[in-house]
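Lettering follows sequence order; numbering is per chain, from 1.
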Amino acid sequence: MLAGVCRCDPLMVDVSTLRSSYFTEKKKTELYQELGLQARDLRFQHSTSLSTRNNCIIIRMASLKAILTPTFLLVLDFRGLGLERWLVLDLAPQLASQTHSLPFEFRALEAILQHKVNTLQTRLNDLEPGLLDNLESLVDPKILSADRSKLHILLQNSKSLSELETDIKVFKDSLLKVLDEDEMIEELCLTKWTDPRVFEESSLGIDHAEEMELLLESYFMQAEELGNKARELKGLIDDSESVIFINLDSHRNVMMRLNLQLTMGSFSLTLFGLIGVAFGMNLTTAFEDDPRAFWLVTGFMFLGSGLIWRRLLSFLGRHLEPSVLPPIPPIWKRNLKSSDIKPGVR
Amino acid sequence: MLAGVCRCDPLMVDVSTLRSSYFTEKKKTELYQELGLQARDLRFQHSTSLSTRNNCIIIRMASLKAILTPTFLLVLDFRGLGLERWLVLDLAPQLASQTHSLPFEFRALEAILQHKVNTLQTRLNDLEPGLLDNLESLVDPKILSADRSKLHILLQNSKSLSELETDIKVFKDSLLKVLDEDEMIEELCLTKWTDPRVFEESSLGIDHAEEMELLLESYFMQAEELGNKARELKGLIDDSESVIFINLDSHRNVMMRLNLQLTMGSFSLTLFGLIGVAFGMNLTTAFEDDPRAFWLVTGFMFLGSGLIWRRLLSFLGRHLEPSVLPPIPPIWKRNLKSSDIKPGVR
Amino acid sequence: MLAGVCRCDPLMVDVSTLRSSYFTEKKKTELYQELGLQARDLRFQHSTSLSTRNNCIIIRMASLKAILTPTFLLVLDFRGLGLERWLVLDLAPQLASQTHSLPFEFRALEAILQHKVNTLQTRLNDLEPGLLDNLESLVDPKILSADRSKLHILLQNSKSLSELETDIKVFKDSLLKVLDEDEMIEELCLTKWTDPRVFEESSLGIDHAEEMELLLESYFMQAEELGNKARELKGLIDDSESVIFINLDSHRNVMMRLNLQLTMGSFSLTLFGLIGVAFGMNLTTAFEDDPRAFWLVTGFMFLGSGLIWRRLLSFLGRHLEPSVLPPIPPIWKRNLKSSDIKPGVR
Amino acid sequence: MLAGVCRCDPLMVDVSTLRSSYFTEKKKTELYQELGLQARDLRFQHSTSLSTRNNCIIIRMASLKAILTPTFLLVLDFRGLGLERWLVLDLAPQLASQTHSLPFEFRALEAILQHKVNTLQTRLNDLEPGLLDNLESLVDPKILSADRSKLHILLQNSKSLSELETDIKVFKDSLLKVLDEDEMIEELCLTKWTDPRVFEESSLGIDHAEEMELLLESYFMQAEELGNKARELKGLIDDSESVIFINLDSHRNVMMRLNLQLTMGSFSLTLFGLIGVAFGMNLTTAFEDDPRAFWLVTGFMFLGSGLIWRRLLSFLGRHLEPSVLPPIPPIWKRNLKSSDIKPGVR
Amino acid sequence: MLAGVCRCDPLMVDVSTLRSSYFTEKKKTELYQELGLQARDLRFQHSTSLSTRNNCIIIRMASLKAILTPTFLLVLDFRGLGLERWLVLDLAPQLASQTHSLPFEFRALEAILQHKVNTLQTRLNDLEPGLLDNLESLVDPKILSADRSKLHILLQNSKSLSELETDIKVFKDSLLKVLDEDEMIEELCLTKWTDPRVFEESSLGIDHAEEMELLLESYFMQAEELGNKARELKGLIDDSESVIFINLDSHRNVMMRLNLQLTMGSFSLTLFGLIGVAFGMNLTTAFEDDPRAFWLVTGFMFLGSGLIWRRLLSFLGRHLEPSVLPPIPPIWKRNLKSSDIKPGVR
């Protein structure tokens, strides 16, 4: 009652001995014969799948490929995938623990699903703080122009989030496919079919299929919570982008108003400077020898510029903040209040 | 007929005595034995759940964790969550009231669901006025640039709204899961199974399962109304953002036109000022001694500037409001009217 | 065979006498007893609901609350809601008409559903022309900046449309809930259960449940058409906003080009004006007494400015309309044509 | 075996004689009696419907209203709707053709559904080339500002597309309603119920209900293809709008850079022109008689302006294209490649 | 046991001889008679379909039209579609291989579905690298204005992606239609019905219908993975567009600030230059002969300009980065952390 795989390193957990897990190598064909499977049963075509064949549960969760029988769990091709730590530290104790009164396949399936959910959760946890920091600094109203390296990171985060959402969706769909078919849930309860004695002993009146449904549902809901979280983050990115745009636009408007005010000043100066230019011409003006003329003309130039500028500025003020606009009543607030749902009526 | 929990403070409401609720402490393991539950039944893994185990209803609604039996309601770990007020002032009277002819579990379940809906409603009510005020001031057409602290608040409101939407959805899903399975509704009617005598006495010909369905449906619909409300607010934020953008763009266009008009003026002045500069050169012009030359040239400078500016302004006016555009017929109005649905035909 | 309500004014339509409707007042508790209902049956918690209790149909459509028995229709709390006109002018004749060979509850239910659909249709009809006029004037390509009071109206219209969409959806959902359960449709056919004699007489071989399904389906489809209409209007608002943005952006680009052209002119004049300034310095130039120098230098200044400006303008023209861009073939048209679906093949 | 309608002009196609179709007029009430229908059966409330009543199929497809019996097809109210051509040229031959071994109602239903699909297809075909041409010219990168009349056309096209999408959806829903109920499909096979002899003769072992399902499914799929097409066009409009915005923004940035470069030039000239202005003052400078002073100062003015301008331009260049930005690795490409799905694995 | 088609070139693969495939031509009518089909069975109206008729599977996957019987596979009209290579190199070996213990129709169906999935995968693979390169260069923060030819390519890529998404959806729907009806799956297992002996021999206790379901499900899931991929790419385009907009806006803001700073400088110079112009007037100032006056006034002009400019710049700095803004606490981070889902709880 053990197995191995060609081209790959299986982990064998023999539940009957409950010794620590050990590693072995076997030909794929031998494995087929021992388990009564066919070659195409172990092709693991899809990135996430959960199916039964000949009283074996065949699971693939991304890089983790496993075969589960009523008495042992085979993890295939686990080298080079960063799974070793999990196999030794987490999986072995989980499989050996006897707290459950439920048979082995429940413990093994739970360990694998938990591993998958933890992986998804870890990816979300890795993504979230960086994303939030990045958004926080991008929506900072003080900055005039968005930091472009942060935008690049945002784009990458957004992409990672999309991929995470897809993976969560695929995981949920693979569980849902099982949950939607009562027959498949029954097939997942391996002990029920193979070892009626153990089944009766262990069950203590518990319905295995119902327990299996609860187990799968629980992980489905955990995945759903992760999906909700990811969706909220996506929404936060969208909202932040709007705020970034409004911020940039606001900055631009403020600068444009300043620019316009200065252009008004320059225009005024140019207009009255023309008087000075005129008096600078080598032409006879009859004022050449009047000692007060210089002060009068210069004063007129500066005062005139100042007055015209003030006129222009106040014109701009009126133009941008039109008081002719009729006071618009905040209609929507009243509407909303009247249609309020009263709590605690029942 | 009482219970307690280790690490936590349960509230016990003993329905048989109907005295005021009292507080007690017990070991978790004792609690399991008394209720015939297992450790994993009370893990409360999901933020919102509603399930039955061994004729107990196990409920979690965010921070509120409760076990409901046909005769009493246990609220677990209630300290430090702001639930005390509700426990004493609202829950106890609701459980004690005898207006319902329905058994205890209906009253208790209703009190808990009502508490959850009220919590959601309160969160929406807390959010809405601030959000509306904020939007109202952001879409104010008079402002030139969006107030950035208001944008920050908007972002937080938007985020809170997303979280609220998720919570409403999770609550609705947990009810829907029960409503979709007739078996689960039956299991929620605890009295029906445990106390046939009370069941027959109290029911007066009422079908318990149907009443339970109505109860759950009623709270499902209240949650749906909250969800609709939240969705409308989300839509309002989106629409307001569009209006903010149009407002900012409009302001910019107005300022740009003013700027362009002034640039035209400056250009005119510079062009004709060049004449003055030319006459200011230390070069022989043959007009040096002509007493009318000064007035002629100065007048030409100012008049010329003015005329050129006027030309440019009218050119701008024609450019921006092209009259060559053929009058576009308002096609869509007629289309829409012809496809009108006539009311009251049937 | 009549009823009244405390705190409210019921309208009683006694179908057996077919006299004009009359108004009465009764205690709520009396009403319960007469109809065999319980207090909680008449709480009308949800804004839209349609249910049966003890051979009564209990309906709420927003402000309209009604109880329908096989022989009469009670409209509750109708005062102050603008329902009087409808009650007297429309409802009474509809209930009295005998064109239907179907029993009373069909006529009454149809009248109420028709009233609801008419209300929704009226709201849409009130909204649509103003919204279209508003959009029409906002997308007018001649305007440089969006009229802000029109934007405010647009925002309110958009909000009203969202609320209308929600109400249509809620109405559709309440009908769909009935349509999805054959049992509920059966229960709505009151006469079938209460008055087998009338049932057999009136039916003439017609299946009441099927007629009821057709009736509800018909109003469901009318609501769906309204919903489609509202959705199209929402889409039109979105599309118009895009066009408004493109319009504003286009105006800005046109103004910016004009501004740039003038800036080019000013730059040219400043550049060559510097020559005049140079000759205006009180420094020895050796040309002071050359009578042609003035004309030469002045001519050079103006001609030079003009030439440089022309260079700059043509440079701008080349810059904005690059002819180096390879002619991009309109690829997509061909693609689309090749994948055309040929009509009339079958 | 013929019929007519008051207020309207029915087309009668008598299948037993198979003569060319002829036109007749009848009272609506007579029509009811002949067909055993009731007034409300022929109200044609909804824009699209397909139902059976008393062994008649009652169809409405927008303006086309028809009653179909096992032996003839009545087209009602066909005048003034542009249906005449179709009735004479297309419908009559289709009904008369004997290629089908299936009974008359199949041919007639197919002719009507084909007419509807053709109408929808024609609307799409009419819309598509204009829309694509319009988009093609709007996304042209050479244009500085969007042509506003084209935007107006785009808005109308977009609206027409929305309406077309709604009509396709309504048509699909009306077919789906029938396809979802096996009973309704059975009812559509009129011959099966009325003329068992013809049924047995014509069928040749073919299951009528299955044929009817295939017929309806085929038109459902044709409508789905049209819907997909319309959806793709909608997406194309959205994508094009984004490209238009990017184009306009790009033009603006290019113009702004040019403007900024010129402003830098003007600033430099003004700064060094100030020297000239200073030397133009009527104040003693001690250089008045130095013959080299003029050339030195003038040269300094022009050279200084040029140098400062060059400094500013290179500063701008560095500012806009910061080389300090760390080289961002194109991370996402590698990610995407590693998660590639390998084709042809199975 | 062979067939041919008029107007088209069928490929006949005779499975009983297992010789290499050969090509033949036949009249369509002969083909019908041999296979017992009718003309309308071979119209291939829809771009993608999979159905059974008279124990033949009739398949269309875009340009590939095929008829599958228990003993041979006919590929119709294959010339000029680029299918020859696939027919000779891939299809023939796949059909001849005996690794499967399953009958011929499984191998043939698998070959065709694999061909379809490969075609879709190839289209995605062709599209993806170009699209990513294009996006990568468009979101490059260094560029000031988007390259318009790249935008054109983006638009075409986006369109191709939409079409690919539609095709994947249509393929998935056609498989789903079969998977949803157990009857249709049974009908696809041709051997089961025709050759019970072969069926019993080959099956070795395998349930054909279940195998067929697994086969179809496997390709459904492969198509789903492609669909997920395409959706992610679409999302990436949208996100990139937002980043492009933010980039362009940021550039504009940076340029506008530079422009504003220079305008401030020009204004300062103009203001103080006016003093120089004033002293250049041919008017008596009493300072004409003061040797220090020139240096004092000139110094005042330049120093004054510089000081005013500095004032203005620092004003701008304060204006754009207001320190009066209260420090906004990064509220959302704490919220998010508190609502964290703890992994590994169960």
Side-chain angles (χ1 to χ4, degrees), chain D residues 99-101 139 141-142 214 218 221-222 224-225 228-229 231-232 235-236 239-240 242-243 245-247 249-254 256-257 259-260 263-264 266-267 270-271 273-275 277-278 280-286 312 316 319-322 325 328 330 332-333 336 340-341 343-344 346, chain E residues 45-47 110 114 117-118 121-122 128 132 136 141-142 144-146 148-149 151-152 154-155 158-159 162-163 166 170 218 222 225-226 229 241 244-245 248 251-252 254-256 258-259 262-263 265-266 269-270 273 276-277 279-280 282 285 287-291 293-294 297-298 301-302 305:
Chain D
T99 53
H100 266 285
S101 56
V139 301
K142 284 188 202 151
L214 284 174
S218 166
M221 280 172 75
Q222 284 184 39
E224 185 127 301
E225 285 182 37
N228 285 339
K229 191 92 195 161
R231 199 165 33 78
E232 279 179 22
L236 192 60
D239 291 340
S240 299
S242 293
V243 167
F245 281 120
I246 297 179
N247 265 337
D249 273 25
S250 289
H251 270 294
R252 210 171 316 146
N253 277 12
V254 166
M256 188 162 265
R257 191 179 49 188
N259 198 47
L260 185 53
T263 304
M264 286 171 163
S266 295
F267 173 78
T270 309
L271 179 63
L274 215 58
I275 297 168
V277 170
M281 295 188 296
N282 292 324
L283 298 173
T284 318
T285 58
L312 286 171
L316 174 65
H319 211 84
L320 292 180
E321 295 168 34
L325 209 84
I328 300 156
W332 75 47
K333 244 184 286 181
L336 279 162
D340 247 358
I341 307 156
R346 192 175 164 115
Chain E
Q45 279 185 294
H46 308 295
S47 65
E110 188 161 1
Q114 187 63 58
V117 165
N118 285 358
Q121 176 73 52
T122 306
E128 192 180 328
L132 289 178
E136 184 96 40
K142 283 186 200 152
L144 181 75
S145 68
R148 295 86 187 272
S149 61
L151 286 176
H152 215 263
L154 182 67
L155 200 54
S158 185
K159 197 181 159 296
S162 295
E163 285 167 1
T166 302
V170 167
S218 166
Q222 285 185 39
E225 284 183 36
L226 286 174
K229 191 93 195 160
E241 280 174 356
I244 293 171
F245 281 120
L248 292 177
H251 270 293
R252 210 171 316 145
V254 167
M255 286 194 288
M256 189 164 264
L258 273 174
N259 198 49
L262 287 174
T263 304
S266 295
L269 291 173
T270 309
V277 170
F279 278 96
N282 293 325
T285 58
F287 303 113
E288 281 93 349
D289 300 319
D290 190 336
F294 173 78
V297 174
T298 305
M301 268 166 56
F302 279 95
S305 301

Problem set entry | Leading residue by heavy atom contact count with chain E [cutoff under 4.5 Å; candidates D:I275, D:T285, D:N228] | D:T285
What's the shortest heavy-atom distance between [X] and [Y], and which atoms?
X      : Y      : value
E:E241 : D:S242 : OE1-OG, 3.2 Å
E:G276 : D:M281 : O-CG, 3.4 Å
E:L248 : D:S250 : CD1-OG, 4.1 Å
E:T298 : D:A278 : OG1-CB, 3.7 Å
D:V277 : E:V277 : CG1-N, 3.6 Å
D:L274 : E:G273 : CD1-CA, 3.4 Å

Exercise. How about E:F279 and D:L283: do any of their side-chain heavy atoms sit closer than 4.5 Å?
Worked result: yes
For this session: Report yes if some heavy atom in the side chain of E:R252 is under 4.5 Å from a heavy atom in the side chain of D:D249; otherwise report no.
Result: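 Side chain of E:R252 against side chain of D:D249, heavy atoms only: contact under 4.5 Å found.
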For this session: Say whether D:E232 and E:S162, considering side chains only, have a donor N or O and an acceptor N or O under 3.5 Å apart.
Result: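 Checked: D:E232/E:S162 side chains show no N/O donor-acceptor pair below 3.5 Å.
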For this session: Give the intermediate values and the outcome of side chain to side chain contact (heavy atoms under 4.5 Å, CB included) for residues E:M256 and D:L260.
Result: CA-CA 8 Å; E:M256 189 164 264; D:L260 185 53; over 6 Å; no
For the [atom1] atom of [X] and the [atom2] atom of [Y], what is their distance to the nearest 0.5 Å?
X      : Y      : atom1 : atom2 : value
D:L271 : E:F302 : CG    : CZ    : 6.0 Å
E:L262 : D:L312 : CG    : CG    : 6.0 Å
E:M255 : D:T263 : CE    : OG1   : 11.5 Å
D:E224 : E:T166 : CD    : OG1   : 10.0 Å

Structural part of [X] lying under 4.5 Å from a heavy atom of chain D:
X      : value
E:V254 : side chain
E:S305 : side chain
E:I244 : side chain
E:D290 : backbone

For this session: For D:N253 and E:S145, run side-chain hydrogen bond (donor to acceptor under 3.5 Å, both in side chains): C-alpha distance rounded to whole Å, both residues' side-chain angles, the deciding distance at 0.1 Å, then the answer.
Result: CA-CA 6 Å; D:N253 277 12; E:S145 68; over 6 Å; no
For this session: Under the side-chain hydrogen bond (donor to acceptor under 3.5 Å, both in side chains) rule, what do D:T284 and E:E288 come out as? Steps first, then yes or no, please.
Result: CA-CA 6 Å; D:T284 318; E:E288 281 93 349; over 6 Å; no
Problem set entry | Residue among E:V297, E:L269, E:D289 with most heavy-atom pairs under 4.5 Å to chain D |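 Ranked by contacts with chain D, first place is E:L269.
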